[in-house]
Structures are given as structure tokens and as C-alpha cells.
**Q** 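Structure below; questions to follow.
Chain A is the first sequence line, chain B the second, and so forth, proteins listed ahead of strands; every chain is numbered from 1. Heavy atoms only: backbone and side chains are in, while hydrogens, waters and symmetry mates are out.
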Amino acid sequence: MFKKILCLCLAAALACGAASLFAGCGGRKVDYDPDNFIADPNSEQIVKEKITINMFTMKASIQGQWEDMYLFQELERRTNIHVEFEEVGLEDVAQMKGLKWEDTENPADAFFLGNQPYEVAQYSQLGALRELSGYDEYTGNTEKTLLELYAPNYSHWMEEYPEIRRVTTQADGKIYVFARVALNAEGGEVATQYINKKWIENLNLADFGDTYVGESGLPETTEQFYNTLKAFKEYDANDNENTSDEVPLIASMNDASLNFLSCAFGFVGTGIEIDSRETVLDDNGNEIPNPNYNKIVWVPSTQEYREYVQYLNRLYTEGLMHDGLFTNNDTNLNSLGIQGRLGSFTSSGAYFVVGQEKDDEYVALPPLVSEHNNTQLAYEYAPRFDPTALIIPKTTPYYREIIRWMDQLYALENESLQYRGEKDVHWREVEGLEPTYDPLRDEYLNRWELIVPEGMDEIAFQATLTYQAGLGNAVFTTVDYDNSGDPYRMKMIEERKTYYPYLKRYLPQLTHTAEELEEISALEDSVNTYMKNNYGRFINGEQDPFNDDVWAEFLKNMEKFRYTDIEKKYAVAYNRAFPDAPCANELA
Amino acid sequence: MTEKAKTAVAVKEGGNAGRGGSKKRKLRAWYRNWQLYLLALPALAVIAVFCYAPMYGIIIAFKDYNVIQGIGGSPWADPLYKHFVNFVTDPYFWDMLWNTLRLSLCSLLVFPLPIIFALLLNEIRVKSLRTTVQIISYAPYFISLVVAVSMCFTFLEYTQDRIGIINRIIRAFGMEPVKFMESAAWFPWIYVLSGMWQGLGWWSITYVAALTAIDPTLYEAAEIDGASRLRKIWHINIPGLLPIVSITLIMNLGNMLNVGFEKVLLMQTDLNYQSSNIISTYVYEKTLGSVIKQYSYGTAIGLFNNVINLVLLLGANFITKKLGGETII
């Protein structure tokens, strides 16, 4: 009897399990009422009766639920739209986003942040995205586009900065995506190469003519930098009666030090890039017009790249660069920094590495030039206009509401909300410090600080206010919000400005068709793998970059990987984007 | 049982010895054991739902999959085997295949270590000592992979201002320290030996269990015959372990190309890339790591991998069967 009851219980449990498998399969039914929408762009309220919109997004690990953030609660209060966010951690975004597109039961009404160019190209080609430059299907108005009708703020910026329109327009001439707009300086995202000024003074390097330093008192050419590092290594630069504890230069394969050095030779990276230098230097040091000006090149195939890896090889094999180049991490960097053993390193702020005490020993080293390159360059991390902010699937009936909601984020008066919440509630102005001038608003802005509740750290508090904390720039930025009263932070921001006049990205933002991107990606993956196989070995001397035969072999193999085809494909896209000023590549 | 008795039983059980009778008998056997079948049902359901149903997704290896049109709606690849051809003609195909096989072969070479360890453990007579050794050897298994790999980096470190414990030992013996993590030649060994450090104790559990199941009378008999300890290991322990050893060996062969990508990816540096670029890390780079997520291509590579694994598994099974050992099928 007991056995039977047990069996029945098990059977019941099984049945429940099976039933729960199919539970939740009920589809979401949308009864869309077009009259609920308030079309007037002057009204903050977007809908009469409250609606709920489902938005897929990515989130940083320090963030909690987005719905609880002050910014979105405030937007809900104003617009009457409740946004239900489906936040996915950065590492899972790619996978989960794919699944979300397949989810027909509970589809997303919009995808906020991180929409990659390939996704936009492919989805728009498949007709899955709402065209923002299209028309309102509910009213049948064909005089004005959706953006013109419902996104006055965004449209205004598009007028002011035609580049926004250019980077968001797809190969079919239509717009499907909102861009992330950063109008502050040059985006501000740059890493600083620090050098120990005190060591230069300790060793009196300025007394030796231009062997070590230029007129600025800092190394200005790659040779001067090399000599300075050599002096750091050979003498007791840190004045502790030990000549061998100095680490002249520390870097890791992934950090910006390598970008800093490659810039000295004429390119900001080691992939595909446009040669933007009008002049170069010949073997005698005379300025001549750059024969490759405005040409899109695969950098490892250039003579400049060879000079760059030769230089790295010298630094590494002569012990001027820390030999943990391939395995270094932040812990190593910090422990050497605190001990006062570092000559030069890269970081967003010196005090993160060496501590506040030694912060003033270090200064930003302006971009270097080299034997054949006389153009100073610095690598710009984030583009000013990044076409990734928001896309709307064609399946949602709420596209007008979403466009109006999104447009709120591009309003000047809402910008601050996206960084620091409400004045005197979440942040306050700091008295007694020099204000900064904001040319866009034509006013002086006071320095400020967050009013952080006790027991909470600053970034965690910011993460309760806005989505921007932990994710870099917000959707819309016009001023530098890294503008607090902290003197170390202020020094750091000033130092960053050293690089602003020289900033360059590999290429301007280009749009491709999905097929073009697939071809480019397949080619680039292969040749990159080959590059990766050799780059490190040139640096540590396993392969000799000074040997002409070795180099010829390297070039020959890269040719097999068809890097010239990659150059051509980019050149085609470039000429499509800039028909009036095409690149110098021959496409015949 | 005599022929007569057999017939009597048949008559008693089935009445008439026709086809219908055997069917009935089967049904009755089902009915008699219905509780057991019911108990097995959840396990079968799990296998069906989580192992067989998702296999439907394999068809994207033959399609140009995109998320908008989904598995069913995406267009078929032209030709159907396009992604397989792309993979086999990839300039790195042979390198990757060799790197993957080399890692697996190195893993196979250290396969006897847990067995030896179990045999040694079995010989420890002091119970407290044995437990202590066991606990110490199990402990690394519970360290997460990321932490374990960073421990490897620390242990094997050798830079101008930091030297890891292993290199310290090497130096103590008067030899030149090695930059292990930056060497393509050392990579497979670091991968395998660090895995062994983590898993040795854990993997030996099955063997220890098998050893305790050996009939104690065999040992008594051996003792009476005057067998030494080594003799007992050779003639009793090892034959006792053989069935389980052959099964684990077959299973390991079946996983030859399935080298997990996480650990390799974590251990990859620019200088060991030559030998750490394996099929599974390549799949990761192509499907999730790349700007363009080539799901179809990644699935095709995965399918290719699994077909080879299946062939290896069946091959190993066939050989073991021929040799008269335990097999899985």
C-alpha cells in the first residue's frame, strides 16, 4: 500500500514538473491604442494612460535593477511610461540578445545601448528594424520623418553635427539607430603616458643638450625616450643608493603604452588604419610629402610598423622595458609604483598607480616623434558619435512612444540627470574652486561633488542614480562630468588634455552592409591570428625584426592572408561615406 | 535443467507457446516492474529534454543562421556543407587540430597518475594519515578555474623582480629559471600538469572505491601463498582496477577533441599562442569573441569535433572489446 502511495506521489510530481515546463508559454497580447499617445513634443507626458515598455539592455556589475534608478523613475514620473528593463551582464550580452530576438512570446520593444554596427546592418537588411527616418504609420503623415516629428532634441543635434547623420545612416541610406553623442572636448577617453620628471631632474638629463630631453625638459623623440630610459636603468634615478631597482618602462600587451609608442611611428594601432600624416621625414631628416597620405593601410605591412617593433625589440631585449610585458597585471604595476621604482607607465591617473604621495613626481609625456615621422598622434578610445544607443524592432507598436522617451535623454536640461541625479538632493556645488566655462551653454559651471550617504562608496551611490556609472559615457554628454573638487582628479584631467590636439582614431566610423562586414571579419580574423602569432615574438627577439629575410617572409605570409583585400574593402566603404574626399587607395 | 523441465516451465508460464504468449509475457514483465520504469522516467525525460531536443539546433551548421529569422527561417547555406569547407580550408586548421590533439595526448600520458596515486593511498595503513593525504589532494579540485589559473601564473612567474615558487626551486637546484607562461613548448605540459595538480585526488576517488570493493579473501589467500606487497598490487589490485580503468580510458578517448576552452583561454598569452590556439578557443573567438557572431560556423566546427570524438570513442570501444575488456556499449 505504502509503495503504491509513494508511486502515485512520484507520478504527481512528474506531472507537475511537465506542466511547469509548458507554463509561461502564454503570449503577451498588446491592445495598442494609438489615441493614448501624446504627439505634442512640448508636453513632457508622452502617454495619457500609463503603459509598460520592455527594453533589453546591458548592465555593469556594480549596478542593481535599472527600474530602481533615480533617472528612470524620474523619467517615468514625467512621461507616464514605465520601462521594464531586462538587464544582462556585459559578458552575456551577445548570447542573450540573440535569444531575445528569437523570443516571440515576450519580445523586446527596444534594445538600449551596445547595438553593434553589424547587428544594425544585418537586422535592418532583414527588415527587422523600425526605420527612424521613416514615417508615422498611425497618422499617415509623409511630410516629416519620425525623428523630425518625435525627436526634436536629437534632430537638433543632427542638424548641428552632420557627422551624427553620417555615422548612423546605413548602406541603404536610411537611419535605424540612435547614436551616443559626446560633445565634450574629444570624448575625454584617453590614457596618459606618465614619465617621472623627478628622475629626469635627479639625473640632470637636461644638461646634456638634446640627447635625453628636448626643450620642454621631457623626451620628445623616440631616441630621446630610449636614452632617458637607458639613463634611468643605468644610474640611481630614484636616489636610493641602489642603481638596479629602477624599472624604466612598464607595459602589458593590452595596455595603452604600446599605442603610445606606435603613435610615435605614425599609426595609433596595429590593425587597419588611414594614414593621416601630410608629411613624413626622409632618411636625411628632411620633410617630404607623405606618399601614403590619406591611404587606408594594413599597418603591419608598413615600414613604420617594422620600425615600431624594432624599437620595442630594443627596449625589451636591453631590459629597458619590464620583462613581464606578456604577463603583467595591475597588481605588479601598483606594487612597483608604490615602491617608487617606475620611470614611465600608462594609466588614467598617476595616483592610481603610485599613490597620492608620489603623484606630483609624474607628468604626462606628450606624443613622441621618430626618425621618419614628424606628426604627433594620440589614440582616441571612444568616438564622439557612436551609432549604438538604441534600436527599435519593427514588431513593437510603441515606436513613437519609445522615440519620444529616448529623445528626453538628448535634452540639454536632462544631461546632468544622466550623470549625477538631482541638484542638492544627490549632488551639490563645491565653493571656492575655479569654475569651468561651458561654451555650449555659454555659462560657467561650478565644481561639484556627490552627496554620498554614509557607508556607501561614490560609484555605488552613482549606480543607484543612473545607468552611466560603470558603463562609461552616457547617451548624451556635452561637458566633462569628471569635474569634482578633488585636486588629484583635477590634475589627472588637466594631464589628459595634453593629448587632445593630437587625437586620432584608426578610421572614421564607416557603415557597411552585413555581407561586407562578414567578408571583412573573416579576412581580418585570419590575418590577425597570424599577426598575434608573430607580434610578441618580434618583441622578445624569438624572431629578429632587424633581419630582412625574416621580415620579407612575414610580409609574404601576410599577403597570403589577403590583407590587401581588407584595405580595399575598407576603402570602398570610406569612399561611399566621403564621396567628395575619397581615400588615396587605388580601387581599379 | 533438463529439456523436459524446460518445456514444463514454458507451458506453465505461457499456456500456449505461440507469439502472442511471448508478447503477453513481456507485457506482464512491464506490468510487474512498473514502479521501476516510473522511477526511471524522470531521468529519461531529462535526457530527452536537455540532450536530445536541443540537437535540433545542429541544423544551423547547414544554414546561414541569423537571430531574426531564427533556426527554422534562416536560409540554407549554399552549398550545404559551406561552413565545414571553410573550416577545413582555414589556414590555421591543421595547427589547431594538432594543438588540440597534442593537449589531449599529453592528458592521456598522465592518465595513469591517479591510478598510481590510488594504489599508493591504498597501501597507507595508518588511517589518519591516509585521510589527511586524501583531503589535501582533493582540496585543489574545489578552487575555481580562474583562481587556479592565476595561481599557476604566480607559481610559474619569472620576471626581473618577481619569481614564482617553481622557478625558485629550479634555481635552488642550480638551473636557469624558465619563463613558463611565455613558452609555446611548455604550454601543453603546464596545461596538463596543472590540471593534474587540481584533479589528482578527485580523479583517484573512483579507483580508491574500486580497490575497496576487491574481495579481502584474495589478499588472505595471497598472504598464505607468501606474496609480497608489490606482488599483491600486481596480481590483485591492478586486475581489480582494470575494468574501471578501461571504461574511463574509453570515455577519455571520446573526449579527445573536447578540450575545454576556458582554461586554455585563461592561460593564453601572446607568446604561447602558437600552441594554445585550439579548436574550442577558435570556436569561442568566432562565435562569441568576434564582432560578428558566426553561429553557423561555430556550430559546424562543434559538430565536426563531435563526429571525430564519436569515431574515436567507438574505435576505442571496439579495440577494448576485441581485447576482451570492459566496454561501454
Side-chain angles (χ1 to χ4, degrees), chain A residues 3-4 6-7 10-11 13-14 17-18 21 91 94-95 97-102 104 116-119 122-123 126-129 245 247 253 319 322-329 332 335-336 341 393 514 517-518 520-522 524-526 529-530 532-533 535-537 539-540 542 557 560-561, chain B residues 34-39 41-42 45-46 49 64-75 86 90-92 95-96 150 153-154 156-162 164 179-184 267-277 282 285-295 297:
Chain A
K3 215 163 148 190
K4 267 197 174 160
L6 185 73
C7 285
L10 274 173
L14 245 180
L21 265 181
E91 62 283 3
Q95 206 177 353
K97 198 187 273 177
L99 291 174
K100 192 68 197 169
W101 273 102
E102 285 201 24
T104 49
Q116 298 304 319
Y118 174 69
E119 291 166 2
Q122 194 190 33
Y123 301 167
L126 289 166
L129 297 184
D245 68 337
V247 176
M253 285 305 276
H322 189 271
D323 69 347
L325 175 68
F326 303 97
T327 49
N328 267 338
N329 55 33
N332 294 8
S335 82
L336 289 170
R341 293 174 55 189
L517 276 170
E518 269 168 33
I520 289 173
S521 159
E524 248 178 332
D525 280 352
S526 304
T529 310
Y530 181 72
K532 225 171 147 184
N533 250 325
Y535 189 28
R537 294 196 294 152
I539 299 174
N540 80 343
E542 250 179 68
N557 285 332
K560 276 193 217 151
F561 287 106
Chain B
W34 70 274
Q35 293 101 331
L36 292 179
Y37 289 116
L38 191 66
L39 276 176
L41 204 58
V46 166
V49 172
D64 283 330
Y65 172 76
N66 66 70
V67 291
I68 305 289
Q69 290 168 307
I71 296 178
S74 295
N86 282 352
D90 189 289
Y92 281 97
D95 277 358
M96 284 186 294
S150 68
F153 270 89
T154 314
L156 298 169
E157 198 166 32
Y158 177 56
T159 64
Q160 60 195 65
D161 59 329
R162 292 162 84 96
K179 282 178 175 284
F180 285 105
M181 299 312 285
E182 298 174 16
S183 151
M267 293 178 99
Q268 226 168 44
T269 63
D270 289 72
L271 289 179
N272 65 23
Y273 191 79
Q274 265 184 314
S275 59
S276 63
N277 177 26
Y282 184 73
E285 278 169 24
K286 281 283 177 189
T287 49
L288 295 174
S290 156
V291 181
I292 293 173
K293 318 275 180 273
Q294 302 182 40
Y295 296 108
Y297 190 46

**Q** What part of Asn277(B) gets within 4.5 angstrom of chain A, counting heavy atoms only: side chain, backbone, both, or neither?
**A** side chain

**Q** Which answer fits Asp323(A), side chain, backbone, both or neither, if we ask what part of it has an atom under 4.5 Å from a heavy atom of chain B?
**A** both

**Q** Select one option (side chain, backbone, both, neither) describing which atoms of Tyr282(B) are under 4.5 Å from chain A's heavy atoms.
**A** neither

**Q** Counting only non-hydrogen atoms closer than 4.5 Å, does Asn540(A) touch chain B with its backbone (N, CA, C, O), its side chain (CB onward), both, or neither?
**A** side chain

**Q** Let's test your reading of the structure: which of Asn272(B), Ile71(B), Asn86(B), Asp161(B) forms the most heavy-atom pairs below 4.5 Å with chain A?
**A** Asp161(B)

**Q** Mind ranking Arg341(A), Lys97(A), Glu542(A) by heavy-atom pairs under 4.5 Å with chain B and telling me who comes out on top?
**A** Arg341(A)

**Q** Could you state the interatomic distance from CG (Leu129(A)) to CD1 (Ile68(B)), rounded to the nearest 0.5 Å?
**A** 6.5 Å

**Q** What's the spacing between Thr269(B) OG1 and Met253(A) CE if we round to 0.5 Å?
**A** 9.0 Å

**Q** Can you say whether Glu518(A) sits under 4.5 Å from chain B via the side chain, the backbone, both, or neither, judging by heavy atoms?
**A** both

**Q** Taking side chain to side chain donor-acceptor pair (under 3.5 Å) as the test, write out the residues that go with Tyr530(A), two or more places apart.
**A** Asn557(A)

**Q** Would you give the length of the straight line joining atom OG1 of Thr529(A) to atom CG of Asp90(B), rounded to the nearest 0.5 angstrom?
**A** 7.5 Å

**Q** Need one label for Ile539(A): side chain, backbone, both or neither, based on atoms under 4.5 Å from any heavy atom in chain B.
**A** neither

**Q** Determine, stepwise, if the pair Thr327(A) / Glu182(B) fulfils side chain to side chain contact (heavy atoms under 4.5 Å, CB included).
**A** CA-CA 8 Å; Thr327(A) 49; Glu182(B) 298 174 16; 3.8 Å; yes

**Q** Taking C-beta and beyond as the side chain, do His322(A) and Thr159(B) meet within less than 4.5 Å on heavy atoms?
**A** yes

**Q** Considering only heavy atoms from C-beta outward, does the side chain of Val67(B) approach that of Tyr123(A) to under 4.5 Å?
**A** yes

**Q** Rounded to the nearest 0.5 Å, what's the gap from OH on Tyr92(B) to CG on Asn533(A)? Could you check?
**A** 4.5 Å

**Q** Check each atom of Phe153(B) against the heavy atoms of chain A and say whether the ones under 4.5 Å are side chain, backbone, both or neither.
**A** side chain

**Q** Between atom CG of Leu336(A) and atom CZ of Arg162(B), what is the distance when rounded to the nearest 0.5 Å?
**A** 7.5 Å

**Q** What distance separates Asp270(B) CG from Lys532(A) NZ, expressed to the nearest 0.5 Å?
**A** 6.5 Å

**Q** Among Tyr65(B), Tyr295(B), Tyr158(B), which has the most heavy-atom pairs under 4.5 Å with chain A?
**A** Tyr65(B)

